[in-house]
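Have a look at the structure below, then the notes.
Worth knowing before you read on, the calculation uses all heavy atoms, side chains too, and leaves out hydrogens, waters and symmetry mates. Proteins get letters first, then strands, A, B, ... in listed order; numbering begins at 1 in each.
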2 protein chains.
Amino acid sequence: MSQRNTPVPAEEVVAEACPLREVLDRVGGKWSIQVLVAVVRGPIRFTELERSIDGISRRMLTLTLRSLERDGLLERTVYPTVPAKVEYRATPIAEELHQHLVGLTQWAERHRSDVAVARRAYDLAAKATTGLTQPFGPRTNTA
Amino acid sequence: MSQRNTPVPAEEVVAEACPLREVLDRVGGKWSIQVLVAVVRGPIRFTELERSIDGISRRMLTLTLRSLERDGLLERTVYPTVPAKVEYRATPIAEELHQHLVGLTQWAERHRSDVAVARRAYDLAAKATTGLTQPFGPRTNTA
DNA sequence: CCGCATCCTAGAGGATACTG
DNA sequence: CAGTATCCTCTAGGATGCGG
């Protein structure tokens with residue numbers, strides 16, 4: 001699609017990439033997305049989250065929740081019963097974000113196999129060069 | 001939008017979150033996105049990339065490029081001139097991915113201020129509880 | 001039930017020097 | 001020009017135990 005060829009206007013690259021980094025800073029953590037996905041389905045309690053997200057530690061769940069709450073993606077409600085009950089729910093902007101993430105999910109599923117193929121090809125070519133020294137060029141198309 | 005409330009079907013959460021993690025594994029690195037954005041604009045050489053991405057080291061640029069190439073998002077072409085010339089270009093699936101990322105960018109820009117506000121509110125409330133002990137509940141809505 | 005405090009480790013990423 | 005090799009730092013995240 002795009003086919004421009006300036007010596008690369010450095011500042012434009014930054015301008016476009018920067019907001020993306022902001023997103024990743026919120027959602028790029030190891031657990032953020034799974035928490036987000038779980039919470040978007042409806043209000044959910046701490047322990048339920050802990051159970052539905054396999055492998056997460058209490059500590060990381062807390063940290064992730066705090067981080068998302070801090071950014072306004074989650075809302076925390078404490079019911080002062082004994083023992084206490086805490087509920088988390090997604091805010092509107094989180095649900096909106098989630099929609100975009102669904103787009104990414106679909107991309108991933110559409111191209112999962114393409115990526116796998118590319119990966120095998122690459123690793124194979126790499127092994128070829130690392131192994132015996134081939135008569136012709138290394139691992140890439142020498143055009 | 002969503003308002004279901006089962007004890008959270010754990011496996012569905014995994015099923016939805018997993019492809020997303022795959023995407024992040026490719027693009028979640030500190031530099032991947034900036035490289036992607038730069039490359040999508042058209043074929044570009046190593047040194048041009050190095051110049052257009054501020055703060056990146058030769059090492060990290062190489063690693064990031066290799067990683068993206070391995071996943072079939074970038075294509076590397078070596079022109080055997082002296083000194084050598086290497087060109088990187090985005091593959092179709094990378095451009096497709098880029099489209100989705102643009103969606104995320106727009107979300108980020110739409111809600112940049114909302115997030116900033118939420119953040120200040122949170123930090124302020126936190127400071128309140130950490131500081132003097134307030135007569136009424138901690139930092140969250142006790143419903 | 002919900003969470004904070006503490007300790008610890010692996011690996012991402014920076015700085016720098018060398019090379020076909 | 002376009003990388004590799006080496007070394008070093010720093011922090012995200014895991015394990016565990018206590019407490020309201």
Indicate yes or no for a side-chain donor-acceptor contact from Arg21(A) to the backbone of Ala17(A) under 3.5 Å, with no hydrogens or angles considered. no
Out of curiosity, does Val102(B) fall in the hydrophobic cluster containing Leu97(B) (side-chain heavy atoms, cut-off under 4.5 Å, transitive links)?
no
| said: Tell me if a side-chain donor or acceptor on Trp107(A) pairs with a main-chain N or O of Val23(B) at a distance below 3.5 Å. | reply: no
note: Glu48(B), atom CD; dG3(D), atom P; distance rounded to Å ~ 13 Å
In whole angstroms, the gap separating C1' of dG13(C) from CZ of Arg21(A) amounts to 12 Å
Judged by nearest nucleotide, the residue sitting upstream toward the 5' end of DNA chain D, Gly28(A) or Val86(B), is Val86(B)
Side-chain contact check for Lys30(B): nearest option of dC1(D), dC4(C), dG14(C) is dG14(C)
Taken to the nearest whole Å, CD1/Ile33(A) to P/dG13(D) is 12 Å
Is any side-chain N or O of Arg76(B) closer than 4.0 Å to OP1 or OP2 of dA2(D)? no
More than 12 heavy atoms from other groups under 6.0 Å of CG on Asp25(A) | yes
May I have the step-by-step check of side chain to side chain donor-acceptor pair (under 3.5 Å) for Glu22(A) and His111(B), ending in yes or no?
CA-CA 11 Å; Glu22(A) 292 177 17; His111(B) 299 295; over 6 Å; no
To the nearest angstrom, the CZ-C1' distance between Arg45(B) and dA2(D) comes to 9 Å
To the nearest angstrom, the CG-P distance between Leu61(B) and dG13(C) comes to 13 Å
Rounded to whole Å, the CZ-C1' distance (Phe46(B) to dT19(C)) equals 14 Å
With 3.5 Å as the limit, what N/O pairs link the protein to nucleotides 15-20 of chain D?
none

| task | Would you classify Thr62(A) as touching base, sugar-phosphate or nothing, given that sugar-phosphate means primed atoms plus P, OP1 and OP2, and contacts are heavy atoms under 4.0 Å? | result | sugar-phosphate
Tightest non-hydrogen contact, residues Thr91(A) and Gly72(A), listed as OG1-O, 2.8 Å
Separation of dA12(D) atom C1' from Leu24(B) atom CG, nearest Å, is 15 Å
Leu63(A) atom CG is separated from dT6(C) atom C1', nearest whole Å, by 13 Å
*asked:* So Arg66(B) and Glu69(B), do their side chains get closer than 4.5 Å, heavy atoms only?
replied: yes
